[in-house]
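Keep in mind that what you see is a predicted model, and the values were worked out from it rather than measured. Lettering of chains follows the sequences in order, A, B, ..., and the numbering in each one begins at 1.
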Number of protein chains: 2
Amino acid sequence: MKIKKEVTIYDIAQQLDISTATVSRALQNNPVINKNTRRKIQEAARELGYRQNTFASNLRKQKTNTIGIIVHELNSNFITSVLAGIEKVTADAGYDLLIAHSSESFKKETANVLNLFHKRVDGLIASLAFDTRGLDHFQSFFDKNIPVIFFDRVEEKADNTKVIIDNFKAGYQATKHLIEQGCKRIVIVTASLSRNVYAERLRGYKEALRERQIKFDEKLVLIKDLSEKCGREAALQILQMKPRPDAAFITNDFSAAVCMQTLKEKGIRIPQDIAIVGFNNDAICKIIEPQLTTINYPGMDIGEMAARNLIAHLKGDTDIRQTNTIIAKSELIIRQSSLKKGNK
Amino acid sequence: MKIKKEVTIYDIAQQLDISTATVSRALQNNPVINKNTRRKIQEAARELGYRQNTFASNLRKQKTNTIGIIVHELNSNFITSVLAGIEKVTADAGYDLLIAHSSESFKKETANVLNLFHKRVDGLIASLAFDTRGLDHFQSFFDKNIPVIFFDRVEEKADNTKVIIDNFKAGYQATKHLIEQGCKRIVIVTASLSRNVYAERLRGYKEALRERQIKFDEKLVLIKDLSEKCGREAALQILQMKPRPDAAFITNDFSAAVCMQTLKEKGIRIPQDIAIVGFNNDAICKIIEPQLTTINYPGMDIGEMAARNLIAHLKGDTDIRQTNTIIAKSELIIRQSSLKKGNK
DNA sequence: TGAAAAATTGCAACTGATTGCATTAATTTA
DNA sequence: TAAATTAATGCAATCAGTTGCAATTTTTCA
């Protein structure tokens, strides 16, 4: 099979005996070109099987119509919803997406940022890795005034636009709910406190305790990585504690599910012996036994907000430096795993 | 803040008073350039904050070093593992990935194919959407001899390289296992039979029945979309059937989990009343109660194989037309949900 | 020391589309 | 009908690298 030569606007121009300038304009539907000519050119393009060379175009136009996205992982319901939300907005506006994921590694994140910078994305939407500290690796973007919007895992102090939920409130609500169920010794399983989301959730937890005059006990705070393994570990640690805790707020649904299962294996009844609250409202919440009380994390909304905001920047509707923090609504969803009422 | 002007190889050339040709070669670490010159140029590039213009480069080189990936969804464990496998291989070989997903829509898939074609990916790895029929929408790739490799959801008749598991065998094993547990009326929940994977699994199911002289009953085949809703529906349908089935082979773990849960709610005991086998070996298998027997679908391996094969094509090690079908190993993983032994 | 070989470097064409400005053609107006 | 508008098209520079081939410099070896 012969490989067909690539068709360019020169070929079209030649065939119709007109200039490439006219062809280029016609293909962009520029009204300055005569309607008939335009139609003729577009037809010829179709017939010849012309495809635009994005590189030549990007090179000349000095922009890519592409938005870069950096997330920590792909395999969570939350992230998938965020992506869906972003896609919904950007597709309409005619932008392409370039998705990179850091596997929770700062090193990979840095590489991704650099890569997307080289690829010259017009803007960036990012959620930071676990161990990312500071935003120096985004400096290249800041220097060139390329808009960057963060979501979920953000750098709180930094002066950037961010889309987040009120993690403090979420932590507070979850804890308050557990207290209202009569729990007094509430374990909290969370991740590195240098990551805003986790620090805030803990702060909310503390506040709820304080409000009800329950003394905060350092030993009930378990800092983990929110993996499968960590769910198991947390369960075992909980079993070792005495007096035994009567509730656990595990800031990730999957870990919570594993933890709950491990506890059940050891003969602990949920929620009677230990009440459990997760975080995210992943699909698993509803298929485990008992169903998991959790915080709904509205990924789709967050994605949409981030994308909409970014596009506003790109269109010049808003100044990049006019940064702000957008708070999405989250809420406590109460299911069986935390309802001790029957126990009273 | 002033936006810095972009640094090009011309700037570097000027500063060092050499030609752009030398700069270009040096930045590619071309050994034809003197080591010292190379070092000097690379240093200057770093100092000036030079970043390569990929478009100019791609335009001239006529290739992108990018591999396109089209999947039906992102939010499954299986797909995520495949992506991880692909990434592992391609990253080493210096390729970038462009990931698109079709949301199970043929229309979106077509758009994605076109888009990646315009983006001039050097090769493509794809898994087809539910309702995709034929491969005409890939014709542009075939015409230009751009290698395309399919995995999981493939078009069986088509003459392309594909990486799959032996779905027939998987269906056979799952069914045989259930029969060995003493089950006689085995429901199979699967998806559109025009999609190879599902058709094959059903064929395996039939074969296992035939072998044990169990009559095949059309009414026990439920064609669904393998969503959450479908798990619930399947459960309700099963409850309606009389005599009641004693097993269900649900070709998707998540659906199986939902189905199982619904059955449990209705007072059915698993596996005593109804044994259940899923498909994929997603993480949920181990966190539901009872743990789910399933078919392990080695996503990572499949991704690696597909990527390795594609890269071999790209490097010219193998002819694109020398297509083949690569079968990855899959296996039955037996857990509680199907073990009726205690029942006998 | 001088010629041949090897190592470096540079020239200039090339990749394909876009766009400011000039030119030409068509239409309107006085 | 000539001048003035308006509409349509083309010229040619530009975007930033890459690379075949030629030219130059350096090294090697007799």
Checklist entry - Roughly, in whole Å, what's the span from CZ in A/R38 to P in D/dA8? => result 9 Å
Checklist entry - Picking from C/dA12, D/dG17, D/dC21, which would you name as closest to the side chain of B/A21? => result C/dA12
Checklist entry - Going by atom types alone, do B/S194 and B/S192 pair a side-chain donor with an acceptor below 3.5 Å? => result yes
Checklist entry - A/L59 CG to C/dT19 P: how many Å, rounded? => result 12 Å
Next on the checklist: Please pick, from C/dA17, D/dG10, C/dT9, the nucleotide with the shortest atom-to-atom distance to any side-chain atom of B/T22.
Outcome noted: C/dT9
Item to check | A/L124 vs A/I146 side-chain heavy atoms within contact, under 4.5 Å | outcome: no
Next on the checklist: Counting only side-chain nitrogens and oxygens, does B/S19 get under 4.0 Å of the OP1 or OP2 atom of C/dG10?
Outcome noted: yes
Checklist entry - Got a sec: does the CD of A/Q14 have more than 12 other heavy atoms crowding it under 6.0 Å? => result no
Checklist outcome for this item: Note: A/K144 and A/F117 closest approach over all heavy atoms is NZ-CZ, 4.1 Å
Checklist entry - Has B/Q52 got a side-chain N or O lying under 4.0 Å from the OP1 or OP2 atom of D/dT18? => result yes
Next on the checklist: Please pick, from D/dA16, C/dA17, C/dT9, the nucleotide with the shortest atom-to-atom distance to any side-chain atom of B/I33.
Outcome noted: C/dT9
Checklist entry - Which whole-number value in Å describes the distance from A/Q14 CD to D/dT9 P? => result 19 Å
Next on the checklist: Base of D/dG20, side chain of B/R60 - is there a donor-acceptor contact under 3.5 Å?
Outcome noted: no
Checklist entry - Does OP1 or OP2 of D/dG17 have a side-chain N or O of B/T20 closer than 4.0 Å? => result no
Checklist entry - Taking atom P of D/dT14 as reference, at what distance in whole Å does atom CD of B/E6 sit? => result 18 Å
Checklist entry - When all nucleic acid strands are considered with a 4.0 Å heavy-atom cut-off, which category describes B/F55: base, sugar-phosphate, or nothing? => result nothing
Item to check | B/S24 vs D/dG17: side-chain N/O to OP1/OP2 distance below 4.0 Å | outcome: no
Checklist outcome for this item: Regarding the side chain of A/Y10, the nearest nucleotide among D/dT18, C/dA17, C/dT15 is C/dA17
Checklist entry - Is it the case that B/H137 and B/E109 place a side-chain donor and acceptor less than 3.5 Å from each other? => result yes
Checklist outcome for this item: Judged by nearest nucleotide, the residue sitting upstream toward the 5' end of DNA chain C, B/K35 or B/K61, is B/K35
Checklist outcome for this item: So ring-ring contact (aromatic ring centres under 6.0 Å, His included) across residues 44-103 of chain A, not counting sequence neighbours, yields A/F78-A/Y297
Next on the checklist: Rounded to whole Å, how long is the line connecting atom CG of A/L16 with atom P of D/dG10?
Outcome noted: 10 Å
Checklist entry - What is the distance from CG of A/D11 to C1' of C/dT15, rounded to the nearest Å? => result 13 Å
Checklist entry - Hey, does the side chain of B/Q62 come within less than 4.0 Å of C/dC14's phosphate (OP1/OP2), counting only N and O? => result no
Item to check | Donor-acceptor pair present, B/R25 side chain and D/dG17 base, under 3.5 Å | outcome: no
Next on the checklist: Please classify the nucleic acid contact of A/L27 as base, sugar-phosphate, or nothing, using heavy-atom distances under 4.0 Å.
Outcome noted: nothing
Checklist entry - The side chain of A/N34 lies closest to which of these nucleotides: C/dA17, D/dA8, C/dG10? => result D/dA8
Next on the checklist: Output the rounded distance in Å from CD (A/Q28) to C1' (C/dT19).
Outcome noted: 9 Å
Next on the checklist: OP1 or OP2 of D/dG17 versus the side-chain N and O atoms of B/N53: is any pair under 4.0 Å?
Outcome noted: no
Checklist entry - Quick one: A/N58 CG to D/dT14 C1', roughly how many Å, whole number? => result 15 Å
Checklist entry - What nucleic acid atoms does B/T37 come within less than 4.0 Å of, heavy atoms only: base, sugar-phosphate, or nothing? => result sugar-phosphate
Next on the checklist: By the 4.0 Å heavy-atom rule, please label B/R120 as base, sugar-phosphate, or nothing.
Outcome noted: nothing
